[in-house]
Amino acid sequence: MTQNLLGFSQPQLEGFFSQLGEKPFRARQLMKWIYRQEVTDFADMTDLSKSLRVRLTQCAKIQPPKIVHQHVSTDGTYKWLVELEDGNRIETVYIPEERRGTLCISSQVGCSLDCAFCSTGKQGYSRHLRADEIIGQLYLAYHALNQISPDSAHRLITNVVMMGMGEPLLNLDHVLPCLEIMTNQLAYGLSKRRVTVSTAGVIPGIERLAEMQPVSLAVSLHAPNDDLRTQLVPINKKYPIEKLMSACQSYSELGPRQKITFEYVLLKGINDTPQHGRQLIELMKQVPSKVNLIPFNSFPNSEFERPSKKEVARFFSQLNGAGVLTTVRRTRGDDIDAACGQLVGNFMDRTRRSAKYLQIQQGSLV
Ligand code: SAH
């Protein structure tokens with residue numbers, strides 16, 4: 001069986017080469033070929049010995065997934081529909097801004113958490129992405145951007161956020177090697193501050209991330225009290241706010257940025273009243289934090305509404321006035337369904353929602 005070496009971290013590649021009886025520095029050479037040169041054919045890797053190239057061709061491959069559609073928004077946002085070997089499809093989004101370019105990648109096919117306002121969750125859950133499929137999204141995006149703007153693709157992607165489909169902290173076995181590749185100078189060489197993992201609040205995952213690959217952390221809070229949060233983000237039942245805040249406090253002592261970003265989707269009349277604002281301000285005092293408000297992005301059959309601009313401004317001023325560092329996320333790419341919470345992909349083996357609730361309640365999902 002040929003092994004796909006895309007998505008192997010440097011230590012994993014060193015292990016692979018040692019099994020072949022090769023020196024560890026081969027891993028460094030291979031990483032540069034794959035991620036810096038975009039070379040996938042071993043025959044073209046000229047600093048490897050001829051015999052090693054032949055051996056690698058026999059036992060290994062470097063195979064990214066495939067882009068099947070490229071959508072371009074009027075605001076310059078790109079969305080790629082990416083097809084995996086098994087026919088499942090996921091989405092990856094590139095958001096260019098004046099001084100940075102952010103790639104938003106997926107970590108699972110669908111999502112098991114079923115947050116009330118998220119269209120990915122409504123689609124159900126199929127499976128974890130493997131490391132080659134996660135890092136493959138960077139590989140494809142660099143490649144696609146390179147076609148559009150040769151020589152500058154590495155500058156065009158300055159930040160990576162794991163805010164696409166899925167819950168990255170439920171798939172850490174595959175996410176961790178990818179974070180190593182993103183931040184490794186032999187590969188994409190992004191600073192840990194510019195790589196962000198976003199979580200709905202999986203506490204053991206936050207702890208493991210802190211220990212293994214502390215990158216920037218974003219937490220999808222969305223409600224300032226447990227009653228409301230459990231309705232909006234059902235995993236709150238298992239990992240309630242107080243415990244979550246204490247995990248965030250520990251993370252902020254270890255992570256590359258002291259501040260944790262708290263994402264807060266604004267749902268008209270649900271979590272955007274002055275009372276919610278007051279509760280949120282109290283919570284934010286517990287942890288070095290900033291709040292990123294995301295006015296709700298709608299999707300077919302969604303039961304929520306986006307607050308008016310005036311209401312968003314009011315909530316913002318309330319937090320800001322109380323000294324909470326707050327930003328409002330500008331909606332990007334909604335004409336191509338690329339905005340937060342609008343990603344759906346196209347996949348098979350969806351679990352039914354009712355079955356998922358049962359699993360969460362029984363604690364078997366997390
Ligand atoms: N599971 C992780 C990664 C997904 S990130 C997490 O929950 O953080 C996607 C971000 O977009 C999350 O903050 C999510 O809550 C938010 N989001 C989901 N649906 C949305 C919608 N319809 N409008 C605006 N933001 C949404």
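Start at 1 and go down the list; that is how both ligands and their atoms are numbered. Bear in mind the structure is a predicted one, so any value in this text is a computation, not a measurement.
- Residue contacts with ligand 1 include Gly166, since one of its heavy atoms falls under 4.0 Å from the ligand.
- Under the 4.5 Å side-chain criterion, counting only non-hydrogen atoms from C-beta, Tyr264 is not in contact with Leu319.
- Salt-bridge check for Asp173 with Arg208: passed, with a basic side-chain N closer than 4.0 Å to an acidic carboxylate O.
- Within the structure, ligand 1 lacks Gly201 among the residues with a heavy atom less than 4.0 angstrom away.
- Interface of Ile294 with ligand 1, defined as ligand atoms under 4.0 Å from a residue heavy atom, comprises 24 (C), 25 (N).
- Judged by the shortest distance from any of its heavy atoms, His222 lies inside the 4.0 Å radius around the atoms of ligand 1.
- The distance criterion of under 3.5 Å between nitrogen or oxygen atoms is met by Phe117 with respect to ligand 1.
- Side chains of His174 and Asn171: a donor on one and an acceptor on the other come within 3.5 Å.
- Using a 4.5 Å heavy-atom threshold, the side chains of Thr199 and Leu170 count as separate.
- Ranking protein heavy atoms by distance to atom 10 (C) of ligand 1, first place goes to Glu263 OE2, 3.9 Å.
- By the 4.5 Å heavy-atom criterion applied to side chains, Val82 and Val68 are not counted as neighbours.
- Ile181 and Ile34 fall within a single hydrophobic cluster, where Ile, Leu, Val, Met, Phe, Trp and Tyr are joined by side-chain heavy atoms under 4.5 Å apart, directly or via other members.
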> Should Ser250 and Glu207 be marked as a side-chain hydrogen bond (donor to acceptor under 3.5 Å, both in side chains) after you check the CA-CA gap, both sets of side-chain angles, and the distance that decides it?
Replying inline: CA-CA 8 Å; Ser250 309; Glu207 291 164 353; over 6 Å; no
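- For atom 19 (N) of ligand 1, the nearest protein heavy atom (residue, atom name, distance) is Gly341 CA, 3.0 Å.
- When each atom of ligand 1 is checked for a heavy atom of Gly164 under 4.0 Å away, the hits are 4 (C).
- Here the side chains of Ile206 and Leu217 are in contact, with some heavy-atom distance below 4.5 Å.
- Checking Gln279 against Asn225 by side-chain atom types alone, a donor-acceptor pair falls below 3.5 Å.
- Closest protein heavy atom to atom 9 (C) of ligand 1: Met163 O, 3.4 Å.
- Between the choices Cys118, Ala218, Ser220, the shortest heavy-atom distance to atom 6 (C) of ligand 1 belongs to Ser220.
- If you check the side chains of Trp33 and Asp44, you find no donor sitting under 3.5 Å from an acceptor.
- A 4.5 Å side-chain heavy-atom check between Phe117 and Leu267 finds at least one atom pair inside the cut-off.
- On a distance-only criterion, Ser119 and ligand 1 share no N/O pair closer than 3.5 Å.
- For ligand 1, the atoms closer than 4.0 angstrom to any heavy atom of Thr199 are 6 (C), 7 (O), 8 (O).
- Near Ala200, with a cut-off below 4.0 Å to any heavy atom, the atoms of ligand 1 are 6 (C), 7 (O), 8 (O).
- Of all atoms in ligand 1, numbered sequentially from 1 with element shown, those under 4.0 Å from a heavy atom of Ser198 are 2 (C), 3 (C), 5 (S), 6 (C), 8 (O).
- In terms of protein heavy atoms, atom 23 (N) of ligand 1 is closest to Asn297 N, 2.9 Å.
- From the protein, the heavy atom lying nearest to atom 21 (C) of ligand 1 is Cys340 O, 3.3 Å.
- Here is the list of ligand 1 atoms found below 4.0 Å of a heavy atom in Val265: 23 (N), 24 (C), 25 (N).
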